[in-house]
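Computed from a predicted model, the values in this text were never measured in an experiment. Count residues from 1 along the sequence.
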Amino acid sequence: MRLRNLRSRLTLGVLSVLTVVFVIGGIVVAGVSDRSERSGVDDRLRRTAELSDTAALAAIEEDSSDQQGRDPRLNNVLRATGSSLEATLGSTPVFEAGVPFPTLSDAPLGFSTRKIDGRNVRIYVTTLRVDSLGGLSRLQATTSLRQVERRQRELRERLLLTGILMLVAAGIGTWFAADVVLRPLRRLRRATRDIAGEEDLSRRVPEQDGTEELRALARGFNDMLERLGRSAAERNRALEATRRFAADAGHELRTPMTAIQATLSTIARHPDMPGETRQSIAQDALAEQRRLVELLDGLQALARGDANPVEHAPVDLAGLIADGVQSARGTHLGTTIQHEPPAEAVVVVGWEPGIRLILDNLVRNAVRHGRPGGTVRVTLEGGAAPRLLVEDDGPGVAPEDRERIFEPFTRVGDEVDQRPGSGLGLALVAQQVGHHDATIAVDASPALGGARFVVTF
């Protein structure tokens, strides 16, 4: 029978241990009792021989033929205890008292055990010096071990019966004690089964029920549920973000590809159109192709940033930003880009290409959304938590849009379709800010009036 129930296994385990203990204890008790009984028999035989040696000597010296009648009290005592006393001179019996036993001339001196007529007897043999005869007489005291063996058998039976009763009582007690102890565990099992059945990871099992071990188990289970809940929530958010990202990417890629297809179709249907018109249409197609390439580059950058974490190292933030501003001035010739390098070096731990990507995309975003021919200001503040500030003089970002502008393909404001860009620049910024354990915030620029992006390392 397979025991699947923990209470049954616990009861069986306790009974197994108790059975071993009772068996060992019974063997020890029976052994000690047997040795004590046999020691008592040996002591009685020795004392019988010592107390009876005078009578035996008198009988030997007087050469009486009625030795048993000389001391009737000794004879009665020996018969009552199932013992005998016999003295021999050479091979001739000269004294006998008590229960008659066969003479065992080969019994060694001291104590020995023999089997006579199917029963065990204990024998004690000693010698007596007979001065009148100038020799030694052999004195043998013998007693039956039947009573000792009977008492030992009764003791073993009582021990067996007591052990069985104690095991039954222990089994019943353990069964009910285990029921009480395991009751909180059953409630925990029901709670976990309900959670699994309902797939509700927000539920928790009671932590203040049962022993300390069960409470620790419940706490561990709740911690696991919390981690699983967070993991499931993150997985659902990731799946939702992936679906949304795929839909947005498909929409954003379809627009330039549709425009390119329409342009090529127009050129194919009107082979005789004027050259100036053809060139204008081709320029529009080329602009849409550049936008398509920019979208693909942005998607690749997002994928690389998420899939390929890199090791960070100390970066000279002041020098890196100064180089980035200088490069931006050469790229955006129509915009004034202001920057005043800090007096001291500013060093942070990070990935230099990632920090440069943050700066380039923030400056590009400021140029695109500022006034045509306007001003962009880049500021670096040192200290324990360095800050990078990029400000523009455009219309700014409405408070309700300041969080969602960092999502891929998000573009806000009026005439969205006419605004340049892929909607991926600020998503790349947010990604790299997260990789650097930094923060980014958007508010209004007090100096230029447009938007101000603040990255705090």
Side-chain angles (χ1 to χ4, degrees), residues 1-44 81-82 113 115 118-122 143-229:
M1 179 181 65
R2 298 179 61 186
L3 296 177
R4 299 180 180 273
N5 187 286
L6 181 58
R7 181 169 60 172
S8 301
R9 293 186 178 186
L10 181 60
T11 303
L12 181 61
V14 171
L15 289 180
S16 300
V17 174
L18 289 179
T19 300
V20 173
V21 172
F22 288 163
V23 169
I24 295 175
I27 293 174
V28 171
V29 170
V32 171
S33 177
D34 184 67
R35 286 192 296 271
S36 177
E37 290 269 8
R38 292 180 183 274
S39 177
V41 170
D42 292 347
D43 185 62
R44 178 164 52 84
T81 59
T113 301
K115 179 169 287 190
R119 57 179 178 173
N120 292 322
V121 297
R122 189 69 170 167
T143 187
S144 174
L145 295 176
R146 178 177 297 175
Q147 292 184 358
V148 174
E149 292 173 345
R150 178 177 56 80
R151 286 194 295 270
Q152 288 300 306
R153 185 169 57 253
E154 292 175 352
L155 175 62
R156 287 193 291 269
E157 290 174 354
R158 287 195 297 269
L159 289 175
L160 179 61
L161 179 60
T162 302
I164 292 175
L165 293 176
M166 293 180 67
L167 285 176
V168 171
I172 296 174
T174 303
W175 179 269
F176 286 104
D179 180 72
V180 174
V181 172
L182 297 177
R183 194 171 298 160
L185 187 59
R186 289 198 299 272
R187 287 195 289 268
L188 178 62
R189 183 181 63 183
R190 286 195 298 268
T192 56
R193 185 172 59 242
D194 293 342
I195 292 173
E198 298 174 4
E199 298 183 356
D200 184 7
L201 297 178
S202 63
R203 288 185 57 182
R204 295 294 181 265
V205 298
E207 297 183 1
Q208 304 302 323
D209 197 4
T211 63
E212 177 59 32
E213 291 77 8
L214 289 177
R215 291 197 296 269
L217 176 62
R219 288 193 295 269
F221 191 80
N222 284 336
D223 292 341
M224 181 187 68
L225 285 176
E226 185 176 355
R227 290 192 297 271
L228 289 175

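- Between Gly171 and Thr11, the shortest heavy-atom distance links the atoms O-CG2, 3.7 Å.
- The side-chain heavy atoms of Leu145 and Val41, taken from C-beta on, include a pair separated by under 4.5 Å.
- The pair Arg38-Asp42 does not count as a salt bridge, with every side-chain nitrogen at least 4.0 angstrom from each carboxylate oxygen.
- The number of heavy-atom neighbours closer than 6.0 Å to CE of Met224, taken from other residues, nucleotides and ligands shown, is above 12.
- Annotation: side chain of Leu155 is in contact with side chain of Arg158 (closest heavy-atom distance under 4.5 Å).
- Residues Ser39 and Asp43 are not in side-chain contact: their nearest non-hydrogen atoms beyond the backbone lie 4.5 Å or more apart.
- Taking CZ of Arg151 as the start and CD of Glu37 as the end, the distance is 4.0 Å to the nearest 0.5 Å.
- In this structure, CD1 in Ile24 is found 11.0 Å from OG1 in Thr19, a value given to the nearest 0.5 Å.
- Ala30 and Arg156 make their closest contact through CB-CG, 4.3 Å (heavy atoms, listed as atom of the first residue, atom of the second, distance).
- Heavy-atom contacts from other residues, nucleotides or ligands closer than 6.0 Å to CZ of Arg146 number 12 or fewer.
- A distance of 6.0 Å separates CG in Leu15 from OG1 in Thr174, rounded to the nearest 0.5 Å.
- Taking a cutoff of 4.0 Å between a charged side-chain nitrogen and a carboxylate oxygen, Glu154 and Arg150 qualify as a salt bridge.
- From Phe22, atom CZ reaches atom CD1 of Ile164 across 11.0 Å, with rounding to the nearest 0.5 Å.
- Here the side chain of Ser33 pairs no donor or acceptor atom with the backbone of Val29 at under 3.5 angstrom.
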